[in-house]
Structure formats: structure tokens, C-alpha cells
Amino acid sequence: MPEVNKPAVQKNTENLPELLKPVMAEGGDTIARLLVEQELITPAKLIYAKRIKAKLVSDRSLVEIFKELGLLTNQQLNEVLKKQRLNIRIGDLLVEMGFIHQGDLDAALAIQVENRQQKIGDILVEYGFIDEHRLMEILASKLGYPFVEPVFAEIDRELLAQVPAKMFAQHSFVPIARIDGRAIIAFVDPLDLEDLEAVDRVFGRQVLPAIGTRQAIREVIELYRRGAQRSEAEVADDSTIIGIVNSLLDDAMQQGVSDIHVEPMKDRLRVRFRRDGVLGVHKEMSLDLAAPVATRMKVMAEADIAERRRHQDGRILYESAATGMTLDLRVSFYITVHGEKIVLRLMNKKGELLDIDDIGMAPRMLHQFRDEGLASPSGIIVVTGPTGAGKTTTLYSCVNHLNDLESCIITAEEPVEYVLDGITQCSINPKIGVTFTETLRHIVRQDPDIIVMGEIRDTFSAETAIQASLTGHKVLTTFHTEDAVGGLLRLLNMGIEAFLIASTINCMLAQRLLRRICPNCTVPYTPTPDEYRRLGYTHGDLAGADLQIGRGCTTCRFTGYKGRVGIFELLVLNDEVKEAVLARKTVQEIRRISIETSGLITLMEDGIAKAARGKVSLPEVMRRLPRILKPRPLHELRRLLGE
Ligand SMILES: [Zn+2]
């Protein structure tokens, strides 16, 4: 193994003019030396910069001095860094580019002397000299390494198998895929000499280095290790109960379903999957399997296997041997006349975490929601809708959008459905005494900037949200109501004072999820005279609409639908709406005022606009969305939505 602090470019000093050798011998100025070698800086200028450095009171690197003297542009510097990146060490790079001080690096090197196993990059991150994401960003932008997000299920297993197991224990990299005969390797620190040499021993020179986060790389290695252990220990095939249950979970995971229903019936055991919001039969089995399947699931959920007369619930953390993915499931055992019905809800469908720009809001509404809602320093933002409307997904997109180093975000959720990096998340669990009420009492003592409350479920949680907002916090929450204006009314009906609502609620976003038309089998759709009549439209009102429906094909399992689309109604509490709330105006009046003064678009109208773009079907829009007012003509909606 090479020495930890071996200067990477020692050999190159051989080529330097004699005059410079004493100047360079001091070390620590790797990049400055590379600039001289590349003839971007003359030896005379280097000596000049060194004299200036010596006279400065503050600690500046030579690179910074070159830039200040106008001897070097950022572009020239970046070109040299990218070309010479293998001759640079991470610590030198950070110091010389001015991201950390020499003192920080010295301290980190001192820690490394104590613990030779630890990489300098790890120490800098672990002891807080630099934030990991910032470090990745620097490596990516300055040295041109691509970012990768290794996911175990997608990794080339043959490549993984080439790496000796003990190498994973000593190094921080993982091979990902092979492209044109070259292995793509994700490194935590692509400048680490030992890691580079280890990769070199296994894969030779033909590699494409990339960077990934420490957490993602460790997760892959950990799952790979566990998989290797399990395949020796436990063999589960379809003929065993373990195998039957595992393959149900694997199927559900692969098909992207949200819930699994295991239902004992009079003469058979039926399994249905909920996909895109709709249940469908997955398979039917012999009724003899009902009891053993229930027992196996209780074991996995750590529920009471002897109890068969009472409802129970639990949580399963399932690691799939087939896909390598981990699945988090919430399980409910419900006693029916034919035995225990089991419903499993899949919690961590990571793919569903969307950027706020991608949740499907029309441009003008998105703009208003981001600028007047999310960007305001305090106030309550409420996402409303019935169960299954996608409220939680939107809430997470908002949290993700607000997540930065400057703010403290704390959540009280029931339960945590996605784990987000950098956020303090708490799962409510009344069984062990972590109740919603108790959590809310403690949350404000955690010095939060933003509080995420899973749901307003009673007067107490509504009051807590209002109290937090009055003391200057931003609060994000969900509420179970039909539409945005209805949310205000329900708060009033819960006994919350109108002036408190008017002074704290920032906006109400009502949401629904409709099924997306399968893009593989669309055909044009002409509305029926009855549909025109029910919309209160004449033919001209839908002019320019590109209405479609899905005919059904193999990719959508002949349903005509694939995936889902969010439909939104945004109520912003501007002054006019606040006044209307204070004056206790009716829902109809508040809605009219909001349409006139803040450009509110109803759910039905947003649905019509999305149907007109061929995303959702008009019959489904009419069946699923509340029709409160006569929708406005399409050309007007398009103008209001900024489409
Ligand atoms: Zn299709």
C-alpha cells in the first residue's frame, strides 16, 4: 500500500528549472505547480505571487492570488484541473481553490495520523470541514467527473463479482456498468490514490471514473454483502410459504403497485394489487394457504401470530433477494367472516419523489405556488384532497424543494413515507407512546424554520399549526377536504377563529390524481352531445382541444391508462380573500372572489385543460372531479394557466 501522504506529482519536479526547485520544495501548492508546468504561469510570475503571499496577513492560496492579479482566468484554471485531475489530491484542491483553509486540512491530516484507515475526504466531511454535497459539487464542476446515483438493482452483477469482498471493506468505490468495454466506477473520492490503485488492479486502465455519495455507495456494498450471505443461508422457492410471500412482494415491487390485498373468500384466497389507484386481481390461490400466509406475514411484521380474533397492524422491512431492493410495508390484519384479510401498503416508492416543477402544475399556477406560497418565510401551506389524491407526494416535493443548508426542517408524520436527506423526520407511533399530540408539543422546541405536519386531523393539530405560524414558522401540512375553498370552511367549522385563519393560512392547494392515458395506444376522442351539455359548453368552447383516450394495448395491460397525472386547484389567500373570510362570506362568494382576484382555476377546469392536451380522458375528468361552477371555455383557461 502506498504511503498516505505521498505527494502525487513528486516526479514532475524533475522537469522544473533549477531556479524553481527551492521555491517548489515547500509543497502544498500542487495546482500552482501544475499551472507552471502547463506554461500558463511563468516561473517569474510564480515567484512574484509567492512574495505577495508572504506579505499577506490573511491566508490566501497562490491560485487565488494569480486570479486576483489577473494572471489566470477561471476558464484556464478549469481546463488545467480537468486535464491534470489525477495529479491533484482532494485536500490540496480544496485549500488551493479557497474552499477550506490550510488549517482545516492540517487538522484533518492530524486526525488521519491517529486513524490511518480513514480517507482524508471522509474526515473532512465527517468532522464538518465541508459538506458532502458541496464536495461532490466541487469535484463534479471543477474536475469534470460525472455524478452517478448507484442503485443496487441496476448494477452489473458480473462487475461486482470481480471485486474481491475484502476490497469493499477497505475502499470506497463500486463498479456500476460497462460501456464499450470500459467499467464505470463510482468513487466517493476519485482522487484517492489507494482507491484508484485498487480499481486499477481489478479493472485495469479501462475505467470511467465518476462520483457518487458515500451513502449511496455504502448502501450498494451493504446490500451486495447481505445478498451473498443470504443465498448461502436461506433458499426460498415458490413451493414454500416463504417463497409464495416473497414472490408476491417481488411482483408488487416490480409492477409499481401501491397496495396488496390478500383476501380470504368463501372458496379461495384472492390477491389483488392496486395500481394507478385501481384494484385488479393478481392471482388466486387455494384457501388452504390463507392461514400459513397470514402467519408468515405476521412473523415478518412482528405481530402476534397467536392472535386470530382481533385486528392488528405492523410494519415489514423486506429485502428482496430477487431485485436487491428494500421494501417498506405497512400491514393491516383485519378479521372477516372468512378469516384474516391482509392489506399491505408499499411505502417507499422512491421514484415518486418529484421535483416541484414536475408534479404537473400548469406554468402560471406553479409560478404562483412557488413564489407566493413556498417562498414566503412564514404561514401555512395546506395540500387538500381525499385519500389517494397524491397529497403526501406533493408535500414531499415541497419539502424537497425547501430543503437547503440554511433551514431546519422537522416533520411529524404518520408514518414517514420517504426518507429525505438533511431533514429531521419523526414517525408517529402511538404503540410506543410517540403520539401526534406529544410530538407536536415537542417539535417547536427543536428550533425549526419549517414544520411539516403529516395531517391536520383535529382542532388540536389545527391550533398547533396556527400557533407555529404565528411565531414565525413556515408550516406544511395536508387536510382531508374536497376542494380548496372547502378547506377554509372546514377550519371555521372546527372552531378556529376567522381572523386566525386569515392571518396564518398562506395558500390551499387542492389535488386529485387521474389516470394518465397510455401514450402507446391513444386514439382521438370526440365528446358526446351529452358531455357538451353537462359541461355547459358549446362546440366552440373546446376549440383547439386535442382530446384522446387509450384504446388498450399490452404495455398498459389493456386498460388504456399508464401512470397518473395530478390535477390542481390553488387558492391563494390574498387581501380580498382574507377579507371575505373575516366577513364570514359563503363558500360560493369566497370562490367567486378568488376567481376574480387571484385567478383561481377549479379542479374541473384544470382537468379539462389537461384533457385538452391529451393527458387524461375527458370522461374520467367529468366522472372524478367535482363540478361546482360551470367551467370557462378552453381558450380562456389556457390563457389563465399560462399554457
Ligand atoms: Zn396502452
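Atoms within a ligand are numbered from 1 in the order they appear, just like the ligands themselves. Residue indices begin at 1 and follow the sequence shown.
In summary, the aromatic rings of His311 and Phe333 are positioned with their centroids too far apart to meet the 6.0 Å limit.
Residues passing the salt bridge (charged side-chain N to carboxylate O under 4.0 Å, His left out) test with Arg490, sequence neighbours excluded: none.
Here the closest non-hydrogen pair linking Arg534 and Arg627 is O-NH1, 3.0 Å.
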Side chains of residues 278-290: which donor-acceptor partners sit under 3.5 Å, not counting sequence neighbours?
| residue | atom | partner | partner atom | Å |
| --- | --- | --- | --- | --- |
| His282 | NE2 | Asp251 | OD2 | 3.1 |
| Glu284 | OE1 | Arg268 | NE | 3.3 |
| Glu284 | OE2 | Arg268 | NE | 3.0 |
| Ser286 | OG | Asp288 | N | 3.1 |
| Ser286 | OG | Asp288 | OD2 | 3.4 |

Side-chain donor-acceptor contacts of residues 543-554 below 3.5 Å, not counting sequence neighbours, with atom names and distances?
| residue | atom | partner | partner atom | Å |
| --- | --- | --- | --- | --- |
| Asp546 | OD1 | Gln548 | NE2 | 2.8 |

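Take the Zn ion (ligand 1) and draw a sphere of radius 2.8 Å; the protein N/O/S atoms inside it number 4.
Arg345 and Asp259 are joined by a salt bridge, as a carboxylate oxygen and a charged side-chain nitrogen come within less than 4.0 angstrom of each other.
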